[in-house]
Amino acid sequence: MPAQLAIEGGTPVRTCTLPYGHQIIDEDDIQAVSETLRSDWITTGPAVEAYEEAFAAYAGAKYAVAVSSGTAALHAAAWAAGVGPGDEAVTSPLSFAASANCVLYCGGRPVFADVQQDTCIIDPDLIEGVITPHTKAIIAVDYSGQPCDLDPINALAERHGLIVIEDAAHALGATYRGRRIGTLATMTVFSTHPVKHITTGEGGMVVTNDPRLVEKLRAFRNHGIAADSHVRAQRADWFYEMEFLGYNYRIPDILCALGRSQLGKLDGWLARRRALADGYHKAFAEVPEVRPVAVRSDRESAWHFYPVRIDVDRLRVDRRRVFDALRAEGIGVNVHYIPIYRHPYYRQLGYTEGLCPIAEAQYERLITLPLWAGMSDNDAEDVVAAVVKVMAAYRK
Ligand SMILES: *Cc1c(COP(=O)(O)O)cnc(C)c1O
């Protein structure tokens with residue numbers, strides 16, 4: 001007899017729910033923020049540049065431009081890539097809405113190319129099929145932390161004269177063919193939301209090697225004004241000119257101090273994420289109903305989260321029931337993602353169901369299991385125990 005599930009009145013694996021992602025804040029992070037609060041600058045001062053320089057060095061890139069969110073970073077990158085009214089940009093449907101919303105912000109039209117079934121990352125062959133004379137950019141998403149197929153995507157972009165923006169919100173510290181994510185696209189975008197690898201509360205970053213793009217991005221985050229206020233203060237001049245319609249996408253020094261402090265601990269946290277992912281691979285190799293996403297051998301995922309496909313054909317229940325049963329066991333599972341174009345706003349824009357059949361089929365089976373650097377071995381064992389318990393109870 002399989003153990004009685006918590007959802008059916010049994011005892012849960014855990015009494016307090018394990019979240020799917022969580023930040024780590026140490027005393028030295030708090031110290032770094034406090035020092036900034038006691039300094040002269042609390043926004044757009046020296047901590048922004050120090051954080052940008054440290055981030056660029058980590059990513060192996062020449063420049064990094066820090067902004068107020070990953071979404072702002074995507075908006076800035078799409079704009080700097082020249083996406084405007086009448087233009088199209090190709091992205092993945094299996095992502096957070098911001099990957100496509102940034103195109104709408106610029107007045108352009110997001111076009112969705114389907115994903116590969118085994119990896120859930122965007123398929124370069126299918127990108128080629130949706131390129132038109134209006135296409136300006138490819139916004140490639142590193143789903144769950146696995147870098148997308150950057151060499152084929154860059155080759156495609158070169159053939160068609162497109163700019164590649166890598167949405168690496170999941171992939172800080174990942175590698176592709178031995179190279180760290182950060183210089184493998186024209187612009188690479190990161191997020192520092194608390195569930196991501198390092199946090200600034202809210203925050204984002206655009207990384208690039210192109211100095212002309214950096215100038216545009218810096219002005220875009222500051223109303224379209226060429227120089228930041230502290231640069232003007234150094235020059236002791238009141239004169240400035242707004243050259244185009246930008247935004248206030250600045251990120252305060254307070255948060256940049258936190259980001260720089262967090263960055264110093266990233267490698268240790270990545271190692272922990274990888275060890276947890278390895279543990280899951282081994283455990284789920286014994287569970288035929290659970291299929292983790294494949295990771296290509298030429299790249300290393302940064303494991304933002306751990307997605308599995310539930311083989312519902314082997315079960316007496318659907319994904320919804322598996323999800324609810326795992327939640328009842330105290331496992332804070334999630335689903336990444338509802339295909340972007342299936343949200344009501346996109347349906348209203350004319351996108352229809354069936355556009356990307358592979359992404360839709362994966363969506364019906366996907367469940368995200370908890371994975372973050374602060375998780376203990378016990379936490380991970382609870383996740384495995386709950387999954388094994390639920391599968392045993394619902395197996396055909
Ligand atoms: C988190 C995330 C974003 C947006 O980042 P925010 O900092 O929350 O604005 C964009 N794309 C993907 C794939 C993300 O996961």
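Counting starts at 1 for both ligands and their atoms, following the listed order. FYI, side chains are in, hydrogens and waters are out, and symmetry mates aren't considered; it's all heavy atoms of this structure.
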Could you tell me, atom by atom, which parts of ligand 1 come under 4.0 Å of a heavy atom of Gly203?
7 (O)
Atom indices of ligand 1, in the order listed, that fall short of 4.0 Å to a heavy atom of Gly70
5 (O), 6 (P), 7 (O), 9 (O)
Out of Arg309, Arg365, Arg395, Arg314, which residue meets the salt bridge (charged side-chain N to carboxylate O under 4.0 Å, His left out) rule with Glu289?
Arg395
Ligand 1 to [X] polar contact by distance, N or O atoms, under 3.5 Å:
X: Ser95; value: no
X: Thr192; value: no
X: His193; value: no

Under-4.0 Å heavy-atom contact with ligand 1, by part of [X] that carries it:
X: Tyr337; result: side chain
X: Asp167; result: side chain
X: Leu74; result: side chain

Would you say the ring centers of Trp79 and Phe244 fall short of 6.0 Å from each other?
yes
Strictly below 4.0 Å, N to O, side chains only: are Asp118 and Arg296 in salt-bridge contact?
yes
Could you tell me whether Asp149 and Arg299 make a salt bridge, using a distance below 4.0 angstrom between a side-chain N and a carboxylate O?
yes
Counting heavy atoms only, which of His170, His336, His75 comes nearest to atom 13 (C) of ligand 1?
His170
Considering Thr71, Val195, Thr199, which one's heavy-atom position lies nearest to atom 4 (C) of ligand 1?
Thr71
Any heavy-atom pair between the side chains of Arg321 and Ile7 that's under 4.5 Å?
yes
Is the number of heavy atoms from other residues, nucleotides or ligands under 6.0 Å of Arg212 CZ greater than 12?
no
Going by the rule ring pair (Phe, Tyr, Trp, His ring centres under 6.0 Å), which residues pair with Phe305 if we only count those two or more places apart in sequence or in a different chain?
Tyr143, His170, His336
